[in-house]
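Throughout, residue positions are numbered sequentially from 1 according to the sequence presented.
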Amino acid sequence: MNTDKMSMTEGKVWKILVRFAFPLLLGNLFQQLYNAVDSLVVGNFCGNEALAAVSSSGSMQHLLIGFFQGVFIGASVIISRCFGAKDEDGVDEAIHTTVIFSLAAGVVLTILGVIFTPMILRWMGTPENVLPNSVTYFRIYCMGLLGMVLYNTTNGIFNALGDSKHPLYYLIISSVANVILDLLFVGVFRWGVAGAALATTMGQFLSAILGLLHLMSGRFVVQIKISKLQVNFSVLKEVFRLGLPSGIQNSVNAIANLVVQSNINAFGDLAMGGCGSYSKIQSFVFLPVLSMSLALTTFVGQNMGANRPERVKLGIRQGMWISIVMAQIFGIFVFVFAPQLVGLFSKDPAVVAFGVRQARVESLFFFLLAVTHACAGILRGAGKTMIPMTVTLGAWCVLRIAYIEVLVRIIKDIDVVFSAYPVTWITSSILLLWFVKRQNWDENIVKIAKNV
């Protein structure tokens with residue numbers, strides 16, 4: 001196994017983190033283009049109701065994607081540790097077990113999504129005038145969930161081995177294809193929200209197929225072979241132990257966002273369109289934060305496997321500051337240019353006004369989100385996945401829902417819903433920073449070394 005180009009255990013720490021995170025950032029940027037392009041094209045060609053329909057399913061998409069991304073973090077931690085310790089057999093077993101699990105999970109998720117789409121959207125309180133288009137969009141989107149799961153699997157494998165470039169290449173190709181298909185299906189063929197969803201589904205499968213083909217080609221540091229696709233239950237158990245807390249965390253957070261979305265829905269389709277448009281902007285802004293969090297997870301995992309405690313501590317400090325600075329620069333940009341950014345999705349002044357209101361309440365607090373995600377990435381890389389799960393469930397779910405459900409009944413203003421985000425970001429960042437500071441990294445690495 002050639003590790004020279006993939007290892008994060010040697011070299012200048014901040015440069016390695018940035019070099020690894022930058023392709024992740026670009027890759028996540030192109031991944032966000034899927035739904036953003038849908039909203040842009042639908043909002044400009046099909047009107048406010050169609051835009052609201054696409055926006056209304058955003059929280060549900062995050063729930064489905066977030067669960068499997070969280071579970072695959074467990075696989076990534078195992079792979080990165082084994083890779084740092086130069087355990088080739090451990091890397092091979094973890095990869096093949098993860099792939100066969102993702103195939104089965106993707107099929108099940110697709111079937112459940114297609115069947116239960118109407119019930120889920122009604123439970124979210126989707127308005128009747130928006131519901132038919134919402135069902136059409138989300139049901140077709142669910143048909144591509146196998147592709148989404150497989151892409152996240154291959155992406156996790158590449159990232160765990162220190163390669164953040166190949167996922168970027170495949171996402172660029174699939175995102176360009178998605179833009180072309182969106183314009184063709186919606187702008188030319190006039191298929192409406194169905195055309196936008198179909199373009200997204202086809203793009204997801206394209207990126208997954210490209211990633212799998214490369215991993216099976218023998219040109220990468222590892223090779224997936226069909227004959228080896230079998231479950232190692234001890235590895236799968238460890239994947240679930242490390243990854244399930246993150247998957248549950250992502251899903252429950254998304255459920256909390258569904259409650260938030262249902263409160264936004266109560267203010268009508270103009271609010272849905274405006275807030276949905278802002279959420280697309282926000283998702284782009286969060287990409288540097290999420291990318292550095294993933295970089296820190298891989299960095300900590302590899303260096304703990306290689307028994308490099310001082311390097312782990314240095315990476316934590318430098319990665320944290322990089323994430324905070326990037327997040328706040330983007331936050332200031334969004335605060336200043338909110339009208340223009342939201343206006344890309346809709347020309348209706350009322351829709352734009354709702355999106356701008358949300359941006360102005362939240363954007364100056366993005367540095368808190370950076371602290372939360374950086375700390376969560378660090379703790380996951382160390383195998384402490386229960387801590388970020390517990391903290392974010394308490395702050396982003398229990399506290400956020402209680403805050404909104406109580407205050408909205410007292411103050412019937414949509415700004416109350418928006419303010420729930422900064423309040424809960426403050427809570428989670430303080431708690432997670434405290435947990436990171438109290439970790440005994442030398443002792444943790446000794447324990448890891450015995451198990452690799």
Just checking F22: does its CZ atom have more than 12 heavy atoms from other residues, nucleotides or ligands closer to it than 6.0 angstrom?
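12 or below, so no.
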Would the number of heavy atoms belonging to other residues, nucleotides or ligands and lying under 6.0 Å from NZ of K165 be above 12?
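Result for NZ/K165: open.
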Residue among L213, V99, L212, N159 satisfying side-chain contact (heavy atoms from CB on, under 4.5 Å) with T154
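Checked L213, V99, L212, N159 against T154; only one passes side-chain contact (heavy atoms from CB on, under 4.5 Å): L212.
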In terms of side-chain heavy atoms, does [X] have a donor or acceptor partner in [Y] at a distance below 3.5 Å?
{"X": "N263", "Y": "E405", "value": "yes"}
{"X": "R380", "Y": "T297", "value": "no"}
{"X": "W425", "Y": "T372", "value": "no"}
{"X": "E362", "Y": "Y278", "value": "yes"}

Residues 314-333 side chain polar contacts: donor-acceptor under 3.5 Å, at least two apart:
unit_1	atom_1	unit_2	atom_2	d
Q318	OE1	W14	N	3.0
Q328	OE1	F367	N	2.9
Q328	NE2	L364	O	2.9

Return the [atom1] to [atom2] distance between [X] and [Y], rounded to the nearest 0.5 Å.
{"X": "R241", "Y": "L236", "atom1": "CZ", "atom2": "CG", "answer": "13.0 Å"}
{"X": "L171", "Y": "H166", "atom1": "CG", "atom2": "NE2", "answer": "13.0 Å"}
{"X": "M202", "Y": "S207", "atom1": "CE", "atom2": "OG", "answer": "12.5 Å"}
{"X": "S428", "Y": "I430", "atom1": "OG", "atom2": "CD1", "answer": "9.0 Å"}
{"X": "Y421", "Y": "I426", "atom1": "OH", "atom2": "CD1", "answer": "15.0 Å"}
{"X": "N178", "Y": "L206", "atom1": "CG", "atom2": "CG", "answer": "10.0 Å"}

I'd like to check [X] versus [Y] (side-chain heavy atoms, cut-off strictly below 4.5 Å). Are they in contact?
{"X": "T298", "Y": "F20", "result": "yes"}
{"X": "M292", "Y": "L17", "result": "yes"}
{"X": "I414", "Y": "F418", "result": "yes"}
{"X": "F101", "Y": "F240", "result": "yes"}
{"X": "I79", "Y": "C82", "result": "no"}
{"X": "L296", "Y": "H373", "result": "no"}
{"X": "I387", "Y": "K384", "result": "yes"}
{"X": "T385", "Y": "L379", "result": "no"}

Donor-acceptor contact below 3.5 Å, side chain [X] vs main chain [Y]:
{"X": "S363", "Y": "A359", "result": "yes"}
{"X": "Q302", "Y": "M8", "result": "yes"}
{"X": "R81", "Y": "G301", "result": "no"}

May I have the step-by-step check of side chain to side chain contact (heavy atoms under 4.5 Å, CB included) for L146 and L109, ending in yes or no?
CA-CA 7 Å; L146 175 59; L109 189 62; over 6 Å; no
Closest approach of [X] to [Y] (non-hydrogen atoms, all atoms of both residues):
{"X": "P23", "Y": "L168", "value": "O-CB, 3.9 Å"}
{"X": "F83", "Y": "V91", "value": "N-CG2, 3.7 Å"}
{"X": "T392", "Y": "P388", "value": "OG1-O, 2.6 Å"}
{"X": "A21", "Y": "S291", "value": "O-CB, 3.7 Å"}
{"X": "R311", "Y": "N303", "value": "CD-OD1, 2.8 Å"}
{"X": "A420", "Y": "R400", "value": "CB-CG, 4.0 Å"}

Quick test of your reading of the model: are E10 and R308 salt-bridged, counting only N-O distances below 4.0 Å?
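Salt bridge present between E10 and R308.
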Is the F138 ring parallel, tilted or perpendicular to the Y141 ring (thresholds 30°, 60°)?
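F138 and Y141: parallel rings.
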Below 30° counts as parallel, above 60° as perpendicular, anything between as tilted: where do the rings of F220 and H214 land?
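Ring orientation of F220 relative to H214: tilted.
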Should I140 and T201 be marked as a side chain to side chain contact (heavy atoms under 4.5 Å, CB included) after you check the CA-CA gap, both sets of side-chain angles, and the distance that decides it?
CA-CA 7 Å; I140 296 174; T201 297; 4.1 Å; yes
Please evaluate residues F158 and S164 with respect to the criterion side chain to side chain contact (heavy atoms under 4.5 Å, CB included), reporting the C-alpha separation (whole Å), side-chain torsions for both, the decisive distance (0.1 Å), and the verdict.
CA-CA 6 Å; F158 284 123; S164 55; over 6 Å; no
Carefully, step by step, assess V398 and L393 under the rule side chain to side chain contact (heavy atoms under 4.5 Å, CB included).
CA-CA 6 Å; V398 177; L393 288 188; 5.8 Å; no
Validation row, ring centre Y151 to ring centre F205 under 6.0 Å:
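No, they do not, as the ring centres are separated by 6.0 Å or more.
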Close aromatic pair by centroid cut-off 6.0 Å: F286 and F366:
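Between F286 and F366, the centre distance is under 6.0 Å.
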Sequence neighbours left out, what pairs pass side chain to side chain donor-acceptor pair (under 3.5 Å) with at least one residue falling in residues 94-115?
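Those involving residues 94-115 are S102-T153.
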